[in-house]
Amino acid sequence: MTEPNRPAGPASETATATAKPRTVPTELAALAMGVTQATIRKWASRGKLTRHGGPRRAEYDLDELFALARRSETE
């Protein structure tokens, strides 16, 4: 059997860019940011954070949380 041709270059880089986000539940997101869970939920409803997960399990992207923390430090 031969291995199928795989695209090289930008196509393989695109696959990396669309990788699944590393997420944490609301409780851990709040601990990481030093705020309450209610604040995390409020930020999500206002569009500051993207909510991932299902209807009963909210999760938040770690990279997005870190970016929000960096923005808050510079303001």
Side-chain angles (χ1 to χ4, degrees):
M1 255 182 142
T2 60
E3 188 171 325
N5 291 335
R6 293 185 189 194
S12 60
E13 292 171 12
T14 303
T16 304
T18 59
K20 185 177 176 183
R22 298 178 305 153
T23 60
V24 294
T26 308
E27 181 180 5
L28 293 180
L31 284 171
M33 297 296 290
V35 298
T36 66
Q37 292 182 45
T39 299
I40 295 294
R41 289 189 290 270
K42 187 184 306 181
W43 288 346
S45 71
R46 292 180 179 174
K48 286 187 169 188
L49 290 173
T50 304
R51 183 187 186 279
H52 300 272
R56 300 193 61 151
R57 174 120 173 127
E59 294 198 351
Y60 300 92
D61 185 345
L62 278 173
D63 294 328
E64 194 174 355
L65 288 165
F66 296 150
L68 181 60
R70 283 192 298 273
R71 283 194 308 260
S72 296
E73 288 175 356
T74 60
E75 291 179 352

Sorted by chain and residue number, the side chain to side chain donor-acceptor pair (under 3.5 Å) partners of Thr23 (sequence neighbours excluded) come out as Glu59
Summary of salt bridge (charged side-chain N to carboxylate O under 4.0 Å, His left out) pairs that have at least one residue in residues 21-33, sequence neighbours excluded: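 Every pair satisfying salt bridge (charged side-chain N to carboxylate O under 4.0 Å, His left out) with a residue in residues 21-33: Arg22-Asp63.
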Quick test of your reading: applying salt bridge (charged side-chain N to carboxylate O under 4.0 Å, His left out), list the pairs with at least one residue in residues 33-51, sequence neighbours left out, ordered by first then second residue. none
Close side-chain approach of Asp61 and Thr50, heavy atoms under 4.5 Å: no
Non-neighbouring partners of Ala67 that pass side-chain contact (heavy atoms from CB on, under 4.5 Å), sequence neighbours left out: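 Per chain and number, Ala67 pairs via side-chain contact (heavy atoms from CB on, under 4.5 Å) with Arg70, Arg71.
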Applying side-chain contact (heavy atoms from CB on, under 4.5 Å), can you list everything that pairs with Leu28, at least two apart in sequence or on another chain? Val24, Pro25, Leu31
To the nearest 0.5 angstrom, please state how far the CG atom of Leu65 sits from the OH atom of Tyr60.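 The CG atom of Leu65 sits 9.0 Å away from the OH atom of Tyr60.
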Would a distance-only check, ignoring hydrogens and angles, find a side-chain to backbone donor-acceptor pair under 3.5 Å from Thr39 to Val35?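 Between the backbone of Val35 and the side chain of Thr39 there is no qualifying donor-acceptor contact (under 3.5 Å).
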